[in-house]
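What follows is a single structure, written as structure tokens, with notes after it.
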Amino acid sequence: MKPSIPKGTRDFSPTEVANRTYIMNTIKTAFETFGFQPIETPSFENSSTLMGKYGEEGDRLIFKILNSGDFLKKADEKLLSEKESIKVTSQISEKALRYDLTVPFARYVVQHQNEITFPFKRYQIQPVWRADRPQKGRFREFYQCDADVVGSQSLWQEVEFIQLYDTVFSKLGLENTTIKINNRKILSGIAEVIGAQEKLIDFTVALDKLDKIGQEKVEAEMLSKGITEEAIQKVQPLFSFEGSNLDKLTSLEKMLSTSEEGKNGVEELRFVINSITELGLQSANLEVDVTLARGLNYYTGAIFEVAAPKGVKMGSIGGGGRYDDLTGIFGMPDVSGVGISFGLDRIYLVLEELKLFQSVDLPKPKVLFLNFDAETDIVKMKAITTLRNAGIKCEMYPDLAISNNQQKKQWKYATNREIEFVVSKVEKERYLLKNMQNFEQTECSLAEIIEKVK
RNA sequence: GUGAUUGUAGCUCAGCUGGUUAGAGCGCCGGAUUGUGGUUCCGGAGGUCGCCGGUUCGAAACCGGUCUUUCACCCCA
């Protein structure tokens, strides 16, 4: 049998684990600096917790777990024979792998509301699973690093999350990321102005193609989707949506003057933009992007998305937003939440592409005891124990070398693993210690080894 | 879900338009040489050419299906 792993999953080598840990620790440190506390939730949840939270497309991408036992016996005969996959699935699968960290978190908040002091700031770094087609930067198992606040309506949270993005990416040496920001209320306002809520998605999708296919074709696409000429006229400013964030806000304000909700969204956005302008960012750029809609239908206020530096072809490396009703679904209304997510795996790929990883020291022994004779094994193991107790990483080559070639293999092992010191000979409490870098060889006592190696 | 793309020794790949026992480098194992290493040399193990079926006198090479890889669309981290 040829060994293999499922589509969209990966193994990680020691070096990769080290690099991933480095990213994770950077994010974790920033989270804690900003006052977030860690929680963890199960890998799988009840299907009812997850289904219907991510839209139709999302439901399709959730990995379902089959019930145990004779699950088919409990399924409806008629549905089975008619091959009603979706309905049958709900009968034979009651659990599913988590799709993101936000919905399980909302569930957590509602379930533990009596133990929580609000506003509650939590972070969570765990894998999530999606039954997607893998491609560049897209996996079926990947890590999300989420930070959310529930129980605060203050827009300062939005401001702080932008600072948090900036802090993490700056620390990682990843400069010139673009934090795109939009507001669901602005989108609602646009929908109001063009006179159709359900056409909003078509509208933003078409608008997003502006720099690719040009204004004429975008307008043509909108018309074909049933958006009226008159409506397109009303939102004309969006077609020349250039310039500074403040310019954009000004034209949005004019355009949405007839929509209460739209004006509200512009106000919120203005507060965030002004605050960030005042506070400054280290290396990220903040950019108003009205085409930013995101599929997650639970966002109600701010919407974030982070793009990698220009020139790196990669989907968004972070995203988030404000959701006012998420805990309401679980029976806890009127709790506003806002949060962001970092895509660990994509950040990894971007850092790799830009060669931003420092060379990491892999765990390895500092001293290797060669194994050329069995008589001194006990002496060597005792010495190793002493060194380990002194905090020095060391080990004995496990297999005894009999032939010349086998001895050579041990030297080669030390070379390949870049081990700094080798003890090749032990005689009457005296150890032959070799420095592998400068080839210097000295006979010394155990205490002297500790001294030299430290 | 749509459209492409990939699949040959542990790894990286050769193998021309179908034709004899399928190759190389690295790695691995054994040995020689080097006083205790990164050199050089000799030898060896290891492949049902992703899988199934078809075309053909003959297929790793052609065709179909399937799985896998990578990529674009969709969507997303």
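Chain A is the first sequence line, chain B the second, and so forth, proteins listed ahead of strands; every chain is numbered from 1.
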Whole-Å distance between [N] [atom2] and [X] [atom1]?
| X | N | atom1 | atom2 | answer |
| --- | --- | --- | --- | --- |
| A/Lys409 | B/rG27 | NZ | C1' | 12 Å |
| A/Asp11 | B/rC11 | CG | P | 13 Å |
| A/Leu97 | B/rA77 | CG | C1' | 17 Å |
| A/Lys180 | B/rC76 | NZ | C1' | 13 Å |
| A/Phe439 | B/rG37 | CZ | P | 10 Å |
| A/Asn435 | B/rG37 | CG | C1' | 13 Å |
| A/Gln407 | B/rG35 | CD | P | 13 Å |
| A/Tyr54 | B/rC76 | OH | P | 13 Å |

Open item on the list: For B/rU68 and A/Lys7 - does any side-chain N or O of the residue sit under 4.0 Å from the phosphate oxygens OP1/OP2?
Closed with: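 So the side chain of A/Lys7 is within the cut-off, an N or O lying under 4.0 Å from OP1 or OP2 of B/rU68.
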- [ ] Examine A/Phe161 together with A/Phe36 and report whether their ring centres are nearer than 6.0 Å.
- [x]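 Yes, the ring centres sit under 6.0 Å apart.
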If we take the [atom1] atom in both [N] and [M], what is their distance in whole Å?
| N | M | atom1 | result |
| --- | --- | --- | --- |
| B/rG38 | B/rU33 | P | 15 Å |
| B/rU70 | B/rG31 | C1' | 43 Å |
| B/rC41 | B/rA4 | P | 49 Å |
| B/rU55 | B/rA72 | P | 39 Å |
| B/rG3 | B/rU66 | P | 12 Å |
| B/rU20 | B/rG54 | P | 23 Å |
| B/rC49 | B/rU6 | C1' | 15 Å |

Within the 4.0 Å heavy-atom criterion, would you say [X] contacts the bases, only the backbone, or no part of the nucleic acid?
| X | value |
| --- | --- |
| A/Leu61 | nothing |
| A/Ser341 | nothing |
| A/Gly137 | base |
| A/Phe139 | base |

Please tabulate, for side-chain N and O atoms in residues 367-375 of chain A, each donor-acceptor pair with protein atoms closer than 3.5 Å (sequence neighbours left out).
residue  : atom : partner  : partner atom : Å
A/Asn371 : ND2  : A/Tyr397 : O            : 3.0
A/Asn371 : ND2  : A/Pro398 : O            : 3.4
A/Asp373 : OD1  : A/Thr376 : OG1          : 3.3
A/Asp373 : OD2  : A/Thr376 : OG1          : 3.3

Task: Ion pair A/Lys121/A/Asp148, N-O distance below 4.0 Å - done: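 Salt bridge between A/Lys121 and A/Asp148, a charged N being under 4.0 Å from a carboxylate O: no.
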Look at the side chain of [X] and the base of [N], then say whether one donor and one acceptor between them are separated by less than 3.5 Å.
| X | N | answer |
| --- | --- | --- |
| A/Lys434 | B/rG37 | yes |
| A/Thr415 | B/rG38 | no |
| A/Gln441 | B/rU36 | yes |

Identify, with sequence neighbours excluded, every residue that meets salt bridge (Lys or Arg N to Asp or Glu O under 4.0 Å) alongside [X].
| X | result |
| --- | --- |
| A/Arg98 | none |
| A/Glu261 | none |
| A/Asp132 | A/Arg138 |
| A/Glu40 | none |

Task: Evaluation steps, side chain to side chain contact (heavy atoms under 4.5 Å, CB included), between A/Glu420 and A/Asn435 - done: CA-CA 6 Å; A/Glu420 283 178 68; A/Asn435 182 325; 5.8 Å; no
TODO: Kindly state whether the pair A/Phe142 / B/rA77 counts as stacked, where counting means centroids closer than 5.5 Å and planes tilted less than 30° apart.
DONE: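 The base of B/rA77 is stacked with A/Phe142 (centres under 5.5 Å, planes under 30°).
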TODO: Start with the C-alpha gap between A/Leu187 and A/Asn182, add the side-chain angles, then the distance that decides, and say whether side chain to side chain contact (heavy atoms under 4.5 Å, CB included) holds.
DONE: CA-CA 8 Å; A/Leu187 292 175; A/Asn182 193 12; 3.7 Å; yes
I'd like a table of atom pairs between the protein and nucleotides 1-5 of chain B - only N or O on both sides, under 3.5 Å - with the distance next to each one.
residue : atom : partner  : partner atom : Å
B/rU2   : O4   : A/Arg133 : NH1          : 2.5
B/rG3   : O6   : A/Arg133 : NH1          : 3.2

Tabulated below should be each protein N or O lying under 3.5 Å from an N or O of nucleotides 39-46 of chain B; please produce it.
residue : atom : partner  : partner atom : Å
B/rU39  : O4   : A/Lys408 : NZ           : 3.1

Sequence-distant partners of [X], side chain to side chain contact (heavy atoms under 4.5 Å, CB included), two or more places apart:
| X | value |
| --- | --- |
| A/Thr178 | A/Lys180, A/Asn285, A/Glu287, A/Ala307, A/Lys310 |
| A/Asn19 | A/Thr15, A/Tyr348, A/Phe357, A/Val360 |
| A/Ser283 | A/Asp166, A/Ser170, A/Glu175 |

TODO: Could you name each residue pair satisfying side-chain hydrogen bond (donor to acceptor under 3.5 Å, both in side chains) that touches residues 21-39 of chain A, not counting sequence neighbours?
DONE: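 Found A/Glu32-A/Tyr123.
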Open item on the list: Wobble G-U and Watson-Crick pairs count when both distances are under 3.5 Å; given that, what is the 5' to 3' dot-bracket string of RNA chain B, with | for pairing to other strands?
Closed with: ((((..(..((((.....[...)))).(((((.......))))).....(((((..]....))))))..))))....
